[in-house]
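Worksheet: the structure to be examined is printed underneath.
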Amino acid sequence: ARLNFTLLLALRRTVPCLRGVITPHHAMSTQAASPGGRERNYTTRDLAPLLQLRTCDDGHSPFPPESRPLLLLFPWLGAKQRNLDRYRDLYTGRGYDVLTIQGKVSHFAWPPKAMTFTEELLNHLDQNAPHRHLVVHAFSVGAYLYSILLLHLKQNPDRYRSVQSRIIGQIYDSIVYGGLEKMATGVAEVSPLPNAVVKSAAMAYFSLTRKYTVETYDLAIDTFIHHQLPVPTLLFYCENDPMSRPDAMLDLVDTWRRAGRDLQVRGWKESRHAGHIVMHRDEYISTLGTFLDSLPGATVKSRL
């Protein structure tokens with residue numbers, strides 16, 4: 001009981017709210033090889049502890065700076081920089097800039113923090129990227145954070161109309177889907193404590209804080225299912241994902257298709273959560289490249 005109480009306190013603990021998201025901490029210039037083997041120069045800046053912007057140098061992007069597509073990357077919890085670079089290098093190779101939005105366990109454990117964080121992110125996008133096309137790539141629990149952003153768009157359509165109108169495509173990769181138990185599994189995967197203990201504590205925490213957690217989760221899930229943006233969407237998943245129920249995923253796909261969503265789906269019987277690019281690299285890159293090439297305003301042929 002003492003251990004469960006300690007875990008509940010740890011889940012409830014939050015980090016300071018993100019403020020001043022446009023204040024750079026530091027900048028670093030470097031190079032990365034594009035999938036075609038070309039060297040791409042880019043500059044990386046920390047806009048805030050949880051926001052990192054990778055900007056293509058002007059001479060190394062086919063897009064002018066004012067209209068260069070911006071990729072919003074919502075990683076999985078605990079993602080290492082070298083693993084994220086697999087994806088960022090793909091987008092840099094196409095001439096995109098990449099904004100990495102690093103979610104925290106506290107955003108998931110205490111949704112009011114996620115609401116504050118995503119509101120500030122929307123304000124940043126509205127003020128600092130007013131004419132740029134936006135593409136979203138959300139992984140795992142990162143899709144939860146993006147669903148909170150979608151909830152803001154639904155609740156404040158006039159305030160964020162400009163941002164919403166500039167989102168031209170969405171990629172969902174290994175989303176956590178299938179109920180609270182799968183959410184608890186996602187938290188347990190990034191904890192150093194035994195998974196069974198963390199899952200038990202997380203479920204108890206959800207019960208105790210239902211008004212502030214589960215009710216917001218339900219709103220976000222409803223928005224994710226029934227109020228998706230009317231833009232092309234690509235979904236990656238696998239049947240052996242421990243953080244997703246395959247039957248629930250198929251139901252989601254069916255719901256979106258019956259609603260007339262512009263949806264592409266690539267699933268595998270066996271793969272790895274947030275690791276399809278490792279397990280099925282050629283197919284993953286080809287599918288992603290074809291999807292991105294279909295987006296109006298963000299097309300650069302033969303980059304992936």
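With respect to L53, the side-chain contact (heavy atoms from CB on, under 4.5 Å) criterion is satisfied by exactly one of L70, T44, T43: L70.
For Y144 and F74, the gap between ring centers reaches or exceeds 6.0 Å.
Remark: D85 pairs with R54, R88 by the salt bridge (charged side-chain N to carboxylate O under 4.0 Å, His left out) rule, at least two apart or across chains. Residues passing the side chain to side chain donor-acceptor pair (under 3.5 Å) test with E283 are R266, W268, sequence neighbours excluded. When the side chain to side chain donor-acceptor pair (under 3.5 Å) test is applied to N83, the partners found at least two apart in sequence or on another chain are R86. Taking V253 as the reference, L235, R257, L263, V265 meet the side-chain contact (heavy atoms from CB on, under 4.5 Å) condition, with sequence neighbours excluded. Under the salt bridge (charged side-chain N to carboxylate O under 4.0 Å, His left out) criterion, E239 pairs with K269, not counting sequence neighbours.
Ionic pairing of R272 and D241 is not present here: no N-O contact between side-chain nitrogen and carboxylate oxygen is shorter than 4.0 angstrom.
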Using a 3.5 Å cut-off and no angle test, enumerate the donor-acceptor pairs between side-chain atoms of residues 169-179 and protein atoms at least two apart in sequence or in another chain.
{"from": "Q170", "atom 1": "OE1", "to": "Y146", "atom 2": "OH", "distance (Å)": "2.8"}
{"from": "Q170", "atom 1": "OE1", "to": "Y172", "atom 2": "OH", "distance (Å)": "3.4"}
{"from": "Q170", "atom 1": "NE2", "to": "Q228", "atom 2": "OE1", "distance (Å)": "2.9"}
{"from": "Q170", "atom 1": "NE2", "to": "T233", "atom 2": "OG1", "distance (Å)": "3.0"}
{"from": "Y172", "atom 1": "OH", "to": "Q228", "atom 2": "OE1", "distance (Å)": "2.9"}
{"from": "Y172", "atom 1": "OH", "to": "Q228", "atom 2": "NE2", "distance (Å)": "3.1"}
{"from": "D173", "atom 1": "OD2", "to": "Y284", "atom 2": "OH", "distance (Å)": "2.5"}
{"from": "S174", "atom 1": "OG", "to": "A274", "atom 2": "N", "distance (Å)": "2.8"}
{"from": "S174", "atom 1": "OG", "to": "H276", "atom 2": "NE2", "distance (Å)": "3.1"}

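Hydrophobic clustering (ILVMFWY, side-chain heavy atoms < 4.5 Å, transitive): M203 and Y212 are in one cluster. Transitive grouping of hydrophobic side chains (ILVMFWY, heavy atoms separated by less than 4.5 Å) keeps W76 and M279 in distinct clusters.
For Q52 and D46, the side-chain atoms include at least one donor-acceptor pair closer than 3.5 Å.
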How far apart are the C-alpha atoms of S67 and H131, what are their side-chain angles, what is the distance that settles it, and do they pass the side-chain hydrogen bond (donor to acceptor under 3.5 Å, both in side chains) test?
CA-CA 6 Å; S67 62; H131 306 297; over 6 Å; no

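Counting only distance, with no hydrogens or angles, the side chain of H152 and the backbone of M115 share a donor-acceptor pair below 3.5 Å. Between the side chain of T116 and the backbone N or O of P112 there is at least one donor-acceptor pair closer than 3.5 Å.
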